[in-house]
Amino acid sequence: MSANTLSLTLQIWRQEGPNTTGAFETHNVSGIPDDASFLEMLDVLNENLIEAGKIPIEFPHDCREGICGTCGVMINGRAHGQEKGTAVCQLHMRKFNDGDTIAIEPWRATAFPVIKDLVVDRSALDHIVASGGFVSAPTGTAADANDTPIPKEVADSAMDAAACIGCGACVAACPNSAGQLFTSAKLWHLNSLPQGQPERFRRTEAMVDTMESFFGSCTNHGECSEACPKEISLDFIAYMNRDYVKSKVFNRKLASQK
Amino acid sequence: MATPTISTRPSSPTPRPKKKELPYPLNIYQTAVGKKWVMAVTGIGLLGFVFAHMLGNLKIFIGEVEEDGVLVQDIDVYAEFLREIGEPLFPHGSVLWLMRLGLIAMFALHIHAAYTLNKLNNSSNVRYQQKTDWLASNFASRTMRYTGPIMLAYIIWHLADLTWGFTDALYSNDGAAGPATGEWHHGDVYANLHGSLGNPISAIIYIVANMALALHIFHGAWSMFQSLGINNPRYNAARRYFAAGFAGLIFVGNVSIVIATMADWV
Ligand code: HEM
Ligand code: FES
């Protein structure tokens, strides 16, 4: 097992609630095994705080296996920390050095108000999905697999988009706090497939309009894709832009035709 | 489509109020994605203008040509040609004015979209209290909101300097071809240019403005493909080369005119 342990200085954002101002608080932790995950390191800190009779730090987490999208904080200037394509829960302490100082801050955007400490309210993302991220077709019993032929490339592309776990790192990393990468991924995983066609244009308009009521506008920096734990591609943003303007112009009586 | 309801906590973000929808096609411009589309389309128009403008001005390298038995500067002939486009069907200078109106409209839309989107972005963003790293953006993409206004200020100077001749008190007759200070003449493109660039301050303004233009194009001519949804893995890499090449071409072409004029090579 791990032989190395780390001693660290943590500068952690503490904030009582959405309407109070927060500040960094410095904490020292030692004896952190280097095969602990970043969140386990925070667990150790919280246990120390509880034993000392202090209030533990609230941080977002759930599955801890990189699939739920609950975790997410800014670590030393990078969303989800320095490891590319990795959510905080999958970031391990062996990526840090003994004696490091680590700054930890919540996601920041007007649409992501801080609930407490490192936890922010990401319900704006839920509102985007609720406005069109579904297929409303009566499904009956399960259809046979491969009933609807889908080219392999299309299925792969839809799957790449569906890999989005909705953590909000794209918004957090964007200098404009734009929600383009998230929204375009949610759109593309339905808009690229045959089952998504009937509602394609209505969906695109509804989700983009909801996105714009909360978030900023894309200037094509590409920071989102770089921060994304699932490495969602910027290509989807282009597809979304194309579909959105098309949805405004297109004669929808022709919607069943290519 | 039935919309499921989501329970909201007191901290929930409030959506921006929706503006009254204008009739089609103006409603496209009311949205951020639509504005970005307009920015890209007007950006393409402006790229076309910048390219044609450079090509025309490179005529300064042709030097003197014979017209009706007299030697004249080819660039002065070209300046007169611009006013003659469309003749005799259209009156003298009218087509040039139509093109100018189109150009002004493109600038106005481009700048209005940039301004309003920038405002939206500022209201959406909250700054981090720690230094954040840039991983994918570049100097050009981060300075679009500065290179744009720098160019706007430059364009006004450029028109005052060579189109209207307001600044001819700054002209210098150092160069062999330079007219006397204060001697701007309508249509004397070659002489006016030498007069203006005889003053090193003016030359520096031209070179700095072209740096801003090259940076703006380096990001803009890539970004516009994404904004328009022009994306295909088969040629996506070429979009970056196109933008870099276009920016480089415009910079080298324009600055070569400034340097050659200053050095009296032309
Ligand atoms: C000859 C002059 C100009 C050319 C050739 C040009 C070209 C472009 C192009 C191609 C884009 C990309 C559009 C897109 O991403 O969809 C762009 C974006 C932009 N332009 Fe210009 N433009 C010019 C002048 C200006 C001026 C005068 C301003 C402001 C006063 C300006 C401000 C901006 C801004 C802020 C952006 C957005 C950058 C971003 O989204 O990252 N531009 N321009
Ligand atoms: S806790 Fe589920 S993705 Fe990190």
Side-chain angles (χ1 to χ4, degrees), chain A residues 11 13 17-18 24 74 76-78 103 105 108-115 121 123-124 126-127 130-132 134 136 173-178 199 202-203 206 208-210 212-223 225-227 234-235 237-245 248-249, chain B residues 1-18 24-25 27-28 31-37 40 116-118 120-138 141-142 144-145 219 222-233 236:
Chain A
Q11 288 181 322
W13 190 263
F24 279 113
M74 203 69 169
N76 285 347
R78 297 201 187 175
E105 232 180 306
R108 292 203 188 276
T110 315
F112 284 173
V114 172
I115 296 172
D121 186 327
S123 58
D126 302 339
H127 287 293
S131 68
F134 46 82
S136 38
C174 176
N176 310 316
S177 302
E199 286 162 313
R202 268 198 293 169
R203 169 185 306 117
V208 170
D209 289 345
T210 312
E212 289 183 359
S213 71
F214 290 105
F215 296 103
S217 160
C218 177
T219 55
N220 298 316
H221 286 298
E223 293 292 339
S225 187
E226 206 59 39
L234 292 180
D235 294 351
I237 298 182
Y239 304 151
M240 175 180 78
N241 290 342
R242 178 165 59 194
D243 266 2
Y244 186 70
V245 174
K248 295 275 191 201
V249 183
Chain B
M1 291 196 289
T3 306
T5 49
I6 300 171
S7 66
T8 51
R9 284 182 296 276
S11 65
S12 273
T14 36
R16 299 183 179 99
K18 236 180 138 62
Y24 174 82
N27 60 348
I28 299 176
T31 68
V33 170
K35 278 202 175 82
K36 210 53 222 257
W37 187 84
T116 47
L117 289 179
N118 202 25
L120 178 82
N121 292 344
N122 288 340
S123 76
S124 308
N125 190 241
V126 180
R127 284 189 190 272
Y128 285 92
Q129 305 289 313
Q130 57 181 304
K131 198 190 145 301
T132 47
D133 289 347
W134 298 113
L135 300 175
S137 65
N138 53 47
S141 75
R142 289 194 298 271
M144 291 300 270
R145 58 182 69 174
H219 182 65
W222 175 83
S223 169
M224 66 187 189
F225 289 107
Q226 283 289 105
S227 305
L228 295 172
I230 301 175
N231 178 305
N232 182 333
N236 276 351

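Note that the structure is a prediction, hence the values are computed from the model and not measured. Each chain gets a letter, A, B and so on, in the order the sequences are listed, and its residues count up from 1.
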Proximity breakdown for Tyr244(A) and chain B, heavy-atom pairs closer than 4.5 Å: side chain

Which of [options] touches chain A most, by non-hydrogen pairs under 4.5 Å:
{"options": "Lys36(B), Gln129(B), Arg127(B)", "value": "Gln129(B)"}
{"options": "Leu120(B), Asn118(B), Asn122(B)", "value": "Leu120(B)"}
{"options": "Met144(B), Lys131(B), His219(B)", "value": "His219(B)"}
{"options": "Asn138(B), Leu117(B), Leu135(B)", "value": "Leu135(B)"}

side-chain contact (heavy atoms from CB on, under 4.5 Å) between Val249(A) and Ile28(B), worked out: CA-CA 9 Å; Val249(A) 183; Ile28(B) 299 176; 4.0 Å; yes

Supply the atom-to-atom distance [X] [atom1] to [Y] [atom2], rounded to the nearest 0.5 angstrom.
{"X": "Asn176(A)", "Y": "Ser124(B)", "atom1": "CG", "atom2": "OG", "answer": "8.0 Å"}
{"X": "Gln130(B)", "Y": "Trp13(A)", "atom1": "CD", "atom2": "CH2", "answer": "10.0 Å"}
{"X": "Asn232(B)", "Y": "Tyr239(A)", "atom1": "CG", "atom2": "OH", "answer": "7.0 Å"}
{"X": "Thr132(B)", "Y": "Glu223(A)", "atom1": "OG1", "atom2": "CD", "answer": "8.0 Å"}

Check whether [X] reaches the backbone of [Y] with its side chain - one donor and one acceptor, N or O, closer than 3.5 Å.
{"X": "Tyr128(B)", "Y": "Arg108(A)", "value": "yes"}
{"X": "Asn241(A)", "Y": "Gln226(B)", "value": "yes"}
{"X": "Thr110(A)", "Y": "Ser123(B)", "value": "yes"}
{"X": "Glu226(A)", "Y": "Ala136(B)", "value": "no"}

Heavy-atom cut-off 4.5 Å, strictly under: side chain, backbone, both or neither for [X] against chain A?
{"X": "Pro17(B)", "result": "neither"}
{"X": "Lys18(B)", "result": "side chain"}
{"X": "Asn236(B)", "result": "side chain"}
{"X": "Tyr24(B)", "result": "side chain"}

CA sep, side-chain torsions, deciding dist, call: Asn220(A), Ser227(B), side-chain contact (heavy atoms from CB on, under 4.5 Å): CA-CA 8 Å; Asn220(A) 298 316; Ser227(B) 305; 3.4 Å; yes

Smallest separation among heavy atoms of Cys174(A) and Asn125(B), with atom names: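 Closest heavy-atom pair between Cys174(A) and Asn125(B): O-ND2, 3.7 Å.
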
Side chain proximity check, Asp121(A) to Pro13(B), heavy atoms < 4.5 angstrom: yes

Contact check, side chains of Ser177(A) and Val126(B), non-hydrogen atoms, under 4.5 Å: no

Between [options], the one whose heavy-atom pairs under 4.5 Å with chain B are most numerous:
{"options": "Gly216(A), Ala238(A), Gly17(A)", "answer": "Ala238(A)"}
{"options": "Thr219(A), Asp243(A), Thr210(A), Asp209(A)", "answer": "Thr219(A)"}
{"options": "Met240(A), Gln11(A), Lys248(A)", "answer": "Lys248(A)"}

Plane angle bin for Trp134(B) and His221(A) - parallel if under 30°, tilted between 30 and 60°, otherwise perpendicular: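 It falls in the tilted class, 30° to 60°.
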
